[in-house]
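This one's a predicted model, so the numbers in the text were calculated from it and none came from an experiment. Chain identifiers are assigned alphabetically (A, B, ...) following the order of the sequence lines, protein sequences preceding nucleic acid strands; residue numbering begins at 1 within each chain.
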There are 2 protein chains.
Amino acid sequence: MQISELARRAGVPVATVKYYLREGLLPQGELTGATRARYREEHLERLRLIRALLGPGGLSVARARAVLAAVDTPGTSVHAALGAAHRALPGVGAEEAADLEQARAVLRRRGWRVAADSPALLALAGALEALRAAGAAPTDELLDRYAEAAARIGEQDVAEVPTGSVAEAVRFVVVNTVLLEPVLLALRRLAQEDASRRRFPTDC
Amino acid sequence: MQISELARRAGVPVATVKYYLREGLLPQGELTGATRARYREEHLERLRLIRALLGPGGLSVARARAVLAAVDTPGTSVHAALGAAHRALPGVGAEEAADLEQARAVLRRRGWRVAADSPALLALAGALEALRAAGAAPTDELLDRYAEAAARIGEQDVAEVPTGSVAEAVRFVVVNTVLLEPVLLALRRLAQEDASRRRFPTDC
DNA sequence: CAAGACTAGAGAGTGGCGCTATCCAATGTC
DNA sequence: GACATTGGATAGCGCCACTCTCTAGTCTTG
């Protein structure tokens with residue numbers, strides 16, 4: 001298939017596909033001449049994955065490239081791929097997070113063990129700091145309930161990882177880590193809406 | 001306090017404070033002359049809230065303005081404020097979501113009732129569509145587990161809403177809806193990391 | 001074989017966004 | 001009276017995700 005068909009089937013302008021090729025998100029097609037290249041079904045899948053990461057996944061092109069690099073690296077272990085995906089994701093980044101204490105305390109109470117430099121830990125500390133700055137510091141009790149819910153989900157996510165090929169597992173981990181986030185957030189808001197309707201019924 | 005003190009205490013450049021004033025995120029100070037205005041402690045709080053929404057909250061200036069408008073509107077009911085906050089948040093937006101069916105099915109199984117045009121419902125449908133497009137369609141079982149975890153959290157969120165003044169409740173709802181999202185995502189990633197370490201122990 | 005449609009590749013341009021810099025006249029402070 | 005600061009307005013900047021344009025080459029159709 002040529003670039004125009006690839007673009008049409010993915011619902012993306014040709015110019016944008018070229019841009020992804022240039023940016024290294026989409027691997028080159030097989031050159032069949034100086035001005036022709038052939039693309040396969042896997043290119044189409046990859047293109048759809050890119051669009052999912054950039055759109056609903058909320059990743060920037062640079063972060064998507066890092067995530068896809070983790071998918072592509074052949075020797076990656078599943079645990080390492082998860083780490084790579086986490087590192088590539090947004091969320092406070094490597095900024096300073098003054099006190100990690102409340103964040104660490106949650107982990108201790110749950111018995112979780114994570115890397116000392118885990119980006120998620122920094123992200124949590126940063127998010128807590130933002131809440132405090134906004135004058136809405138969360139209680140430990142609230143955090144523990146959130147952590148318990150998160151534990152169920154995280155357990156589920158990891159249990160579902162396919163054990164067949166490593167490459168498949170890595171792809172699964174990366175895709176699910178990124179693309180289930182909007183699902184979770186949407187479900188939380190729906191649950192809030194339902195609970196709010198039940199608690200404040202006067203104003204529908 | 002003058003603008004320079006306000007800016008200094010919030011850790012924000014004066015030019016940026018002026019920008020927020022222009023954009024209507026921060027209310028004008030009380031003019032004490034043609035080139036002087038006085039700002040109060042509530043301006044400082046508001047400024048910190050703005051920074052929390054724009055930074056860790058991940059909102060654009062336009063969305064933050066809409067969220068803050070909900071906080072400011074005096075007659076807003078709590079349920080309506082929640083809706084306003086949800087509508088102002090990112091997440092697929094008003095784009096077409098081809099089939100809402102799988103999303104609606106989750107709600108049915110849980111007995112949730114939400115507005116037919118709930119933005120969160122569209123967001124969920126869009127997120128599911130993205131997963132399908134990426135070749136990682138989630139099973140109903142997985143969705144139900146996510147929904148159950150979300151139910152606990154949403155219930156908790158709503159139960160904590162202060163019943164004192166409506167304005168306070170609205171502010172609480174908006175802030176928590178937005179700023180607890182990064183907390184939840186970070187906790188999920190930490191749970192994944194812990195579960196992944198336990199399941200794939202070979203490669204630490 | 002000629003005309004026209006398409007292609008790879010590369011560079012420049014675009015529009016939106018969140019600031020940031022500059023300027024002005026007026027008002028403070030020392 | 002010298003100098004800094006302010007409110008207000010306008011313009012500019014840097015980044016990002018495209019999008020346009022151009023060139024030289026290639027395929028297809030008649």
Query - Pairing residues for B:Arg40 by the side-chain hydrogen bond (donor to acceptor under 3.5 Å, both in side chains) criterion, not counting sequence neighbours - result: B:Glu30

Report summary line: Once base and sugar-phosphate atoms are separated, protein heavy atoms under 4.0 Å mark nucleotides 15-28 of chain D, 5' to 3', with B, S and - as --BBB-----BBS-

Query raised in the report: When the distance from CG of A:Leu6 to C1' of C:dC6 is rounded to whole Å, what number comes out?
Result: 15 Å

Requested in this report: Quickly work out the A:Leu26 CG to C:dG9 P distance and round it to whole Å.
Outcome: 12 Å

Report task. Under 4.0 Å between any heavy atoms, over every strand shown, what does A:Glu5 touch: base, sugar-phosphate, or nothing? Just pick one. Result -> nothing

Query raised in the report: Nearest-Å distance, CZ (B:Arg63) to C1' (C:dC17)?
Result: 13 Å

Report summary line: Whole-Å distance, B:Glu23 CD to D:dT10 P, equals 13 Å

Requested in this report: Could you list the residues that satisfy salt bridge (Lys or Arg N to Asp or Glu O under 4.0 Å) with B:Arg109, not counting sequence neighbours?
Outcome: B:Asp140, B:Asp144

Query raised in the report: Taking atom C1' of C:dT20 as reference, at what distance in whole Å does atom CD1 of B:Ile3 sit?
Result: 14 Å

Query raised in the report: Quick one: is C:dT7 close enough that its OP1 or OP2 comes under 4.0 Å of any side-chain N or O from A:Tyr39?
Result: no

Query - Donor-acceptor contact present, side-chain B:Arg199 to main-chain A:Val158, <3.5 Å - result: yes

Query raised in the report: Which pairs with one or both residues in residues 169-184 of chain B pass side-chain hydrogen bond (donor to acceptor under 3.5 Å, both in side chains), sequence neighbours excluded?
Result: A:Arg189-B:Glu181

**Report entry** Rounded interatomic separation in angstrom, taking CG from B:Leu21 and C1' from D:dT6
**Finding:** 12 Å

Requested in this report: In whole angstrom, give the distance that lies between atom CD of B:Glu30 and atom P of D:dT6.
Outcome: 17 Å

Requested in this report: Would you please name every residue forming a side-chain hydrogen bond (donor to acceptor under 3.5 Å, both in side chains) with B:Arg132, sequence neighbours left out?
Outcome: B:Asp99, B:Gln102

Report summary line: Applied to residues 72-84 of chain A, the salt bridge (Lys or Arg N to Asp or Glu O under 4.0 Å) test, sequence neighbours excluded, yields A:Arg46-A:Asp72

